[in-house]
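Index from 1, following the sequence. Scope of the values below: all heavy atoms of this structure, side chains included, with no hydrogens, waters or symmetry mates.
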Amino acid sequence: MRILRAPIARRTLLRGAGTAIALPFLEAMAPAARAADRAARPKRLQVFYSPNGMMMDGFRPAGSGGALVLPDTLAPLAPFRDRVSVVTGLGHPQAAAMGDRPAGHGRSCPAFLTGVHVRQTEGSDIHCGVSMDQVYAAHLGEGTPLPSLELGIDQASLLGSCDIGYSCAYTNGISWRNATVPLPVTANPRDVFERLFGDGDALDPASRLAQARRQTSILDFVREDTARLSGTLGQDDRHKLDEYLEATREIEKRIQRAAASGAGDAAAGIERPAGIPDSFDQHVRLMIDLQVLAMQADITRVGTFMIGRELSNRTYPEIGVSDSHHMLSHHGNSPEKMAKLARINRHHMEYFAYYLKRMAETKDGEASLLDRTLVLRGSAFGDSNEHDHMDLPVVVAGGLVPGGRHVAVEKGTTMSNLLLAALNVLDVPATAFGDSTAPLGALTHG
């Protein structure tokens with residue numbers, strides 16, 4: 001005899017002291033509506049941003065139409081060739097000086113997702129516009145615990161100017177809730193983890209370090225709730241729940257190792273937030289995994305990730321580049337500097353490929369996260385040596401739009417047209433965005 005169980009609510013949480021863990025989608029949440037669920041699975045948006053422009057010769061595919069031939073910088077995307085469209089020729093006219101001081105980063109970075117010309121100021125009277133990701137977050141309303149999640153690798157600069165005449169608020173992030181409220185990224189993995197799985201109990205730095213040394217797990221606090229839920233699930237759902245909790249614990253262990261390794265720095269008087277790994281590679285992968293985990297648990301459907309702040313001076317000794325990234329971006333046509341910048345560009349693309357891989361291998365109902373996600377990847381400049389904001393290196397990926405293409409539009413076509421088309425793909429009934437003239441039809445036409 002078949003035993004019928006009542007469906008589990010989609011927003012069911014595993015609860016414990018100071019902890020609330022969201023669940024991935026389980027069949028038990030819609031046991032009699034699998035076909036309908038496939039059609040109604042949520043659409044997601046992810047944006048991956050790299051600073052300081054691009055060596056366009058290594059980015060731009062040869063020709064357009066037909067099979068996508070990936071140049072050297074894009075070679076890491078080969079496993080996802082059929083899920084990727086490379087778009088060239090898009091620009092942001094609003095990033096032009098228009099009489100303001102000749103500082104490119106402070107205007108181009110905030111224009112990337114807004115299509116707005118920002119107010120030149122080093123003070124608190126900043127003014128930009130709502131970003132495309134936040135339009136989608138507002139459209140979704142309160143469907144998820146977090147409207148959006150803004151992650152990055154570099155800590156935000158809170159005071160002064162970061163570009164000539166422009167507040168650091170303009171380069172701390174790419175998301176804007178409205179014209180005067182920027183959303184800076186979170187760079188500390190432990191802060192992100194506690195935001196995703198905490199239940200209101202804030203820990204001071206000393207308590208965090210003590211918890212890391214004890215190597216305790218949030219899963220210990222929800223053990224009873226987990227056992228109770230598992231007993232009501234079928235075999236497939238139990239397996240899915242186990243995989244999700246194992247992934248959560250694995251990320252938690254990585255954060256704890258990073259926190260423990262920072263104890264020596266603190267003792268030496270070096271202020272370094274517990275939870276940030278020493279290794280750039282470990283830091284980037286951990287932040288990407290946290291973003292994917294947040295989507296898997298449907299804690300949020302909107303995310304942005306900055307692999308570096310605009311004007312980043314990071315060096316990359318792990319790939320043989322000891323020069324500052326920003327300095328190399330103004331290469332003056334030096335072959336040696338151009339080669340090093342191209343190496344950084346490809347290195348960042350390898351992390352974007354990891355981003356796509358993690359979404360592709362993470363189940364979302366009967367499909368994957370990548371199948372139902374629109375992924376945008378880009379920079380605020382094309383040729384960084386010229387601060388060229390009128391031919392941007394843009395990649396669109398995921399299962400919501402056709403892939404395997406190079407879409408070459410007329411140079412200077414406003415990127416707001418692509419952002420508007422993306423909003424329409426995400427079912428936002430917008431007719432205009434930023435300085436758009438019309439939705440970019442090439443985004444949805446294979």
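In summary, the side chains of Glu310 and Tyr49 do present a donor paired with an acceptor at a separation below 3.5 Å, with no hydrogens or angles considered. A donor and an acceptor atom, one from each side chain of Ser416 and Asp435, are located under 3.5 Å apart. Using modelled atom types, one finds a donor on one side chain and an acceptor on the other under 3.5 Å when comparing Tyr166 with Arg107. When only modelled atom types and interatomic distance are considered, Asp133 and Ser175 share a side-chain donor-acceptor pair under 3.5 Å. Between the side chains of Thr414 and Asn417, no donor-acceptor pair is found at a separation under 3.5 Å.
Applying the salt bridge (charged side-chain N to carboxylate O under 4.0 Å, His left out) criterion to Lys337, with sequence neighbours excluded, gives no partner residue. For His139, the ring pair (Phe, Tyr, Trp, His ring centres under 6.0 Å) criterion is met by no residue, not counting sequence neighbours. Here His326 pairs with His105, His330 under the ring pair (Phe, Tyr, Trp, His ring centres under 6.0 Å) rule; sequence neighbours left out. Remark: Thr186 engages no residue in a side-chain hydrogen bond (donor to acceptor under 3.5 Å, both in side chains) (not counting sequence neighbours). When the salt bridge (charged side-chain N to carboxylate O under 4.0 Å, His left out) test is applied to Asp391, the partners found at least two apart in sequence or on another chain are Arg60. Remark: Arg346 engages Asp72 in a side-chain hydrogen bond (donor to acceptor under 3.5 Å, both in side chains) (not counting sequence neighbours). In this view, Tyr136 satisfies the ring pair (Phe, Tyr, Trp, His ring centres under 6.0 Å) rule with no residue, not counting sequence neighbours. For Lys411, the salt bridge (charged side-chain N to carboxylate O under 4.0 Å, His left out) partners at least two apart in sequence or on another chain are Asp388. In terms of the side chain to side chain contact (heavy atoms under 4.5 Å, CB included) criterion, residue partners of Pro182 (sequence neighbours excluded) are, by chain and number, Ile126, Ala169, Trp176. In this view, Asp289 and Arg254, Arg358 satisfy the salt bridge (charged side-chain N to carboxylate O under 4.0 Å, His left out) rule, not counting sequence neighbours.
In the displayed structure, Arg177 atom CZ is contacted under 6.0 Å by at most 12 heavy atoms of other residues, nucleotides or ligands. For Glu410, the CD atom sits in a loose shell: 12 or fewer heavy atoms of surrounding residues, nucleotides or ligands are nearer than 6.0 Å.
Between the Thr114 side chain and the Gly129 main chain, no donor and acceptor come within less than 3.5 Å of each other. Using modelled atom types, no side-chain atom of Ser379 and backbone atom of Pro51 make a donor-acceptor pair closer than 3.5 Å. Proximity of a side-chain donor or acceptor of Arg285 to a complementary backbone N or O of Tyr354 within less than 3.5 Å is not detected. Side-chain atoms of Asp82 do not come within 3.5 Å of backbone N or O of Gly403 as any donor-acceptor pair.
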Please tabulate, one pair per line, all N/O donor-acceptor pairs under 3.5 Å involving side-chain atoms of residues 91-98, not counting sequence neighbours.
residue, atom, partner, partner atom, Å
His92, NE2, Ala111, O, 2.8
His92, NE2, Phe112, O, 3.0

Side-chain polar contacts of residues 418-427 - donor-acceptor pairs under 3.5 angstrom, sequence neighbours left out - could you list them?
residue, atom, partner, partner atom, Å
Asn424, ND2, Val428, O, 3.0
Asn424, ND2, Ala430, O, 3.1
Asp427, OD1, Lys43, NZ, 3.2
Asp427, OD2, Lys43, NZ, 3.2

Report task. Evaluate salt bridge (charged side-chain N to carboxylate O under 4.0 Å, His left out) for Lys340 paired with Asp323, printing each intermediate quantity in order. Result -> CA-CA 8 Å; Lys340 290 179 178 179; Asp323 307 83; 2.7 Å; yes

Requested in this report: Take Asn52 and Ser50 through the test side chain to side chain donor-acceptor pair (under 3.5 Å) and record every step on the way to the result.
Outcome: CA-CA 7 Å; Asn52 299 334; Ser50 292; over 6 Å; no

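Within the model, atoms CG of Leu328 and CG of Asn385 stand 11.0 Å from one another, a figure rounded to the nearest 0.5 Å. How far CZ of Arg119 is from SG of Cys128: 11.0 Å, rounded to the nearest 0.5 Å.
Of all heavy-atom pairs spanning Met306 and Asn172, the tightest one is SD-O, 3.8 Å. Counting all heavy atoms, side chain and backbone alike, Val84 lies closest to Leu68 at O-CD2, 3.8 Å.
For His347 and His325, the gap between ring centers reaches or exceeds 6.0 Å. Ring-centre distance between Tyr351 and Phe48: not below the 6.0 Å cut-off.
Side-chain atoms of Phe433 and Leu113, non-hydrogen and from C-beta on, never get closer than 4.5 Å to each other. Side-chain contact between Phe280 and Arg314 is present, with heavy atoms from C-beta onward closer than 4.5 Å. Between Gln46 and Leu369 there is no side-chain heavy-atom pair separated by less than 4.5 Å. Under the 4.5 Å side-chain criterion, counting only non-hydrogen atoms from C-beta, Phe59 is not in contact with Leu392. Contact check for Ser384 versus Leu341: side-chain heavy atoms found under the 4.5 Å cut-off. Here the side chains of Leu376 and Met132 are in contact, with some heavy-atom distance below 4.5 Å.
Here the options are Thr300, Asp364, Asp371, the test is side chain to side chain donor-acceptor pair (under 3.5 Å), and the partner is Arg44; only Asp364 passes. Evaluated for a side-chain contact (heavy atoms from CB on, under 4.5 Å) with Thr144, the options Ile299, Leu149, Asp298 yield exactly one hit, Asp298.
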